[in-house]
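A short write-up of the structure that comes next.
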Amino acid sequence: MYAFDFVKPSSIDDAVKALSAEGAQPIAGGQTLIPTLKARLNAPETLVSLTGIAELKGVCRDGDVLVIGAGTSHAAVARDAAAEFPGLAALALQIGDPAVRNRGTLGGSIANNDPAACYPAAVLATGATVVTDRREIAADDFFQGMFTTALEEGEIVTSVRFPIPEVSAYAKFAQPASRFALTGVFVAKFAEGVRVAVTGASEDGVFRWTEAEEALVRSFAPEALADLRVPDGGMINDLHGTPAYRAHLVGVMTRRAVKAAS
Amino acid sequence: MPKDIEAQGGIGASTKRREDIRFLTGNGRYTDDINLRGQAYVHFLRSDMAHGRINGLDTAAADAMPGVIRIFTAKDFEGVGGLPCGWQVTDRHGQPMQEPKHPVLAEGKVRHVGDPIAAVVAETPDAARDAAEAIVFDIDELPAVIDMKAALAEGATKVHDDLSSNLCYDWGFVEENREAVNEAFTKAAHVTRLDLVNNRLVANPMEPRVAVGDYDAWNDQSTLYTTSQNPHVIRLLMGAFVLGIPEHKLRVVAPDVGGGFGSKIFHYAEEAFCTFAARQLKRPVKWTSSRAEAFLSDAHGRDHVTTIELALDADHKFAAIRTETRANMGAYLSTFAPSVPTWLHGVLMAGNYTTPLIYVNVKAVFTNTIPVDAYRGAGRPEATFQLERVIDKAARELGVDPVELRRKNFIKPEQFPYQTPVAVVYDTGNYHATMDKLLEISDHAGFAARAETSKANGKLRGFGIAHYIEACGIAPSNLVGQLGARAGLYESATVRVNATGSISVYTGSHSHGQGHETTFAQVVAEMIGIDAGQVEIHHGDTSNTPMGMGTYGSRSLAVGGSAIVKATNKIIDKAKKIAAHLLEASEADIELKDGKFAVAGTDKSVDWAGVTLAAYVPHNYPLESLEPGLEETAFYDPSNFTYPSGGYGCEVEVDPETGKVEILAFSAADDFGNIVNPMIVDGQVQGGLAQGIGQALLENCTYDENGQLLSASYMDYAMPRADDLPSFRVDHSCVTPCTHNPLGVKGCGEAGAIGSPPAVVNAVIDALQRGGYTHVTHIDMPLTPARVWAAMQK
Ligand SMILES: Cc1cc2nc3c(=O)[nH]c(=O)nc-3n(C[C@H](O)[C@H](O)[C@H](O)COP(=O)(O)OP(=O)(O)OC[C@H]3O[C@@H](n4cnc5c(N)ncnc54)[C@H](O)[C@@H]3O)c2cc1C
């Protein structure tokens, strides 16, 4: 690690103010950021901790929407969203290990937008709204490719508003080493339609599989997907899977998610 | 009345490991816990290039950074020896292997990613790291030599300019059999051939390596604290060959060590550096490896590419075996690297079978990768994997039961001692018994019904068998000397009986997870008939233990334990003399039983403490014929290897949609000879199985064509976790005691890692074959979901 200054504001306003300084960066659970600091891949001048801000934490229902504070840990989501939105709670429970789940946060995960992260699939598949200190961003606009989001310099995610689906499920095929998603699919069925989001597979990060969505609107059953396959092109090629394997897994995991949801 | 084994805590008791109390409560004393007054820290600037010519290093800016004490480069090591290789292999033509210099800091060229270029010593670890980043270097990148076949091609770029090629040696064994083996193949009724890769692994002990060098200028005494499996060997190699410090001026301490698996046997540059720099600077110098650095600087394991052929006669008896292997040495020869693909591998190619003719050819190759050396099993897993895979493939080709094919070719119990065609003589074994036991504990008979259940669930179930032999207890010194070892392989022990009867044992073996402090105490306690709590085991410090060879090759109990038995017998002999004097009897009439010396046929006796007190307070003592005191040292040099063996069975389910393999059951029926602590043996086998399954399903050290290590962290290097593993069924009730060591023990530390990879792969192939994927006859390890799925696609 390089040396840095550390501040821990207790309100969103103070955090935003602190982040306007040159070289300032937010830190939430640190589960992604700390390893990059230790490897000296990142050299912020000031770390602005978001962990002391009470208004960033918690899960609460607002009509048909579940509002989750950006600073809510994965473990808290797994526990507190279980009754209202079991598909999301189950996803949170599949992230990392207990230590990671008790430190890592929803906001940190989606701000980082790792192409193999789990949460982006749920945010995109529910058509959630990402709320920041200055605006609201639709999920379809928020994720802009590997490690890239619509967030501006110094902008922080404050909460995510998840429309609660009728049924939903996340099917994750774990990468054997990191156990992030080699391919993960979140399927959400609403009265007005079905949304399918895929993480881990594409070089462009999380994406919606619209052909599958259309097929599932006609029939919400695994068999409806039998003839569908995403093209290999643009799929990630790495030590753990070829594009062909990932494209195949997208189909398998989508069918499994539908089966689990129905 | 049968004695209460558990209560007494002697041989055969599952005594809980006494060392675990300190380990589990965070009170172990590891090398990184050692912090000396005035200590400075070193950070190594490591090459990020696999191969390059060093034109220049400019340390001026770095030198001026705050906290920097001194920056060392290769120049500072002119006149200092390179890191020595401890084993010289002679090639097929009688020529010695090619042996490049292995400098402490890179000289002229960098030869692998992670090769240390410069070392910055500073007041704090961060200051050292900051300054290392400020070193300016001018290195011309050269083409990286990564693939072994390409490395051996005519005109290939050379890793070492002063060698004639990238070939370290071309070894043939048994060279005299070469023609006879070829001829047997022309006459064979059936030949099965298999091309396979034994995947490269990173040892990844829980504790990364650490070294602290210290120098006491007033007494000209150097001390090195290091994470080593064999501190005496480090003292010898580093003192005599690298730094020129005589033994009496050099102390090496390996305190608690958090696992090694072979990777901490070797003498590393960082150890020599810290010792050297401490002398130069007259300050302690400490290096602590990060996990990332461990991936780039610890010796790797395995990395063989092999073709094996098995010739069978019309009756399905094995007629001959022929193998061709390319073995990766990496960029330099690590301490015991040349021995692994040769003498630890070729001599095992007979396995448990009566194959009369065997020829093994190994080409060892230099590449721009991290050095490769012994890793749990070292050579024996590579031998076992090929053999047990090719037998399985042959059974399938011939349409016979793989268990029956093995049984038909097993060496029979009455054939021991058995001279193999590959030099070694197996003293004992009963492979039919371990195979029977395996089939029993794995419920082999119930497999068909279980396979049906899997089918109903859309899964493919398979059962795989492997039967292994290994040569442990390494080894007779005169034999290994003929084979090129530059060291002896005895072990030592000093048994110091204290005045009140407690005992301090000093062993040359080193414990880094094996539980010696418990097991060795059980042995001594049993021999004398006292409570094991009266015995303390000391190891790991060259200043108080006799010259020892350390722990690897499952040798600690077989060789180190035997030295302790020998020394304890000397103690008992002397104690009997003292007892005879005290009891006014003849020494021949003295019997030792349950910690008492008695005169045979009388009720006269003196207890252990009475004798030990007399030895140190010799008022009533035969001083004219016997020295006071009760302390003995013994060295034990084994007359043969020991040959543990066993049958392993793996039951898997393959998910045909994803290729994911789940191990549902794993059974191990081992013959380790006599057992001192059954619980510790269970643990050793379970740990070995976890590592073997890791190799078979998960672990893979991968370079790209430029020599960049792709699997350089746990994000990409998959270590086995508890939920990757089943609850193991471990049995060691089949016992044929070793005939040539006093305890009749064989060694159990590596068996699990040796026998399990072929069992796993055989099980997966079985599952796929049964599931109708008959075109899949082999998949290279690790059998990741992606690889299994790809193999299933036609
Ligand atoms: C061992 C391990 C296993 C893991 N496994 C998984 C897994 O299976 N699936 C998965 O999805 N993830 C996994 N993760 C990642 C984990 O979920 C992280 O917690 C998460 O990605 C980042 O959240 P954090 O709160 O720790 O963020 P931090 O590490 O603190 O920050 C991450 C980034 O987000 C920024 N940031 C943080 N909060 C905000 C905010 N509110 N607004 C704007 N920017 C912000 C930071 O500046 C930083 O750039 C794993 C991590 C580890 C260490």
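We name chains A, B, ... by the order of the sequence lines, and we start the count at 1 in each one. The shown structure was predicted, so the numbers you read here are calculated from the model rather than taken from an experiment.
- In this structure, no portion of B/Arg787 lies under 4.5 Å from any heavy atom of chain A.
- A/His248 places a side-chain N or O within donor-acceptor distance of the main-chain N or O of B/Glu657, the cut-off being under 3.5 Å.
- With a threshold of 4.5 angstrom between heavy atoms, B/Met719 does not approach chain A through any atom at all.
- For A/Gln175 (side chain) and B/Met715 (main-chain N/O), a donor-acceptor pair under 3.5 Å exists by modelled atom type.
- For the set B/Thr658, B/Leu710, B/Asp126, B/Leu698, the entry with the most heavy-atom pairs within less than 4.5 Å of chain A is B/Thr658.
- The contact between B/Asp655 and chain A is made entirely by side chain atoms (from C-beta outward), counting heavy-atom distances below 4.5 Å.
- Within 6.0 Å of atom CG in B/Asn35, more than 12 heavy atoms from other residues, nucleotides or ligands are found, so the atom counts as buried in its surroundings.
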Practice task
Please assess A/Leu239 against B/Asn700 for the test side-chain contact (heavy atoms from CB on, under 4.5 Å), listing each intermediate value before the final yes or no.
Solution key: CA-CA 9 Å; A/Leu239 291 180; B/Asn700 200 25; over 6 Å; no
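- In this structure, A/Arg103 places its CZ atom where only 12 or fewer heavy-atom neighbours from other residues, nucleotides or ligands lie under 6.0 Å away.
- Between A/Gly241 and B/Ala786 the shortest heavy-atom distance is CA-CB, 4.0 Å.
- For A/Met1, the part lying near chain B is the backbone, with the side chain staying farther off; criterion is any non-hydrogen pair under 4.5 Å.
- For chain B, no part of A/Ala3 is nearby; none of its heavy atoms comes within less than 4.5 Å.
- Proximity to chain B involves both the backbone and the side chain of A/Arg40, based on heavy atoms less than 4.5 angstrom apart.
- Using a 4.5 Å cut-off between heavy atoms, B/Ser290 makes no contact with chain A at all.
- Contacts of A/Phe173 with chain B are made by side-chain atoms alone, with heavy-atom separations under 4.5 Å and no backbone atom involved.
- Using a 4.0 Å cut-off between charged side-chain N and carboxylate O, A/Arg179 and B/Asp724 make a salt bridge.
- Contacts between B/Pro785 and chain A at a heavy-atom distance below 4.5 Å involve backbone atoms as well as side-chain atoms.
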Problem - Working for side-chain contact (heavy atoms from CB on, under 4.5 Å), residues A/Tyr2 and B/Glu133 - result: CA-CA 12 Å; A/Tyr2 296 105; B/Glu133 288 177 0; 2.5 Å; yes
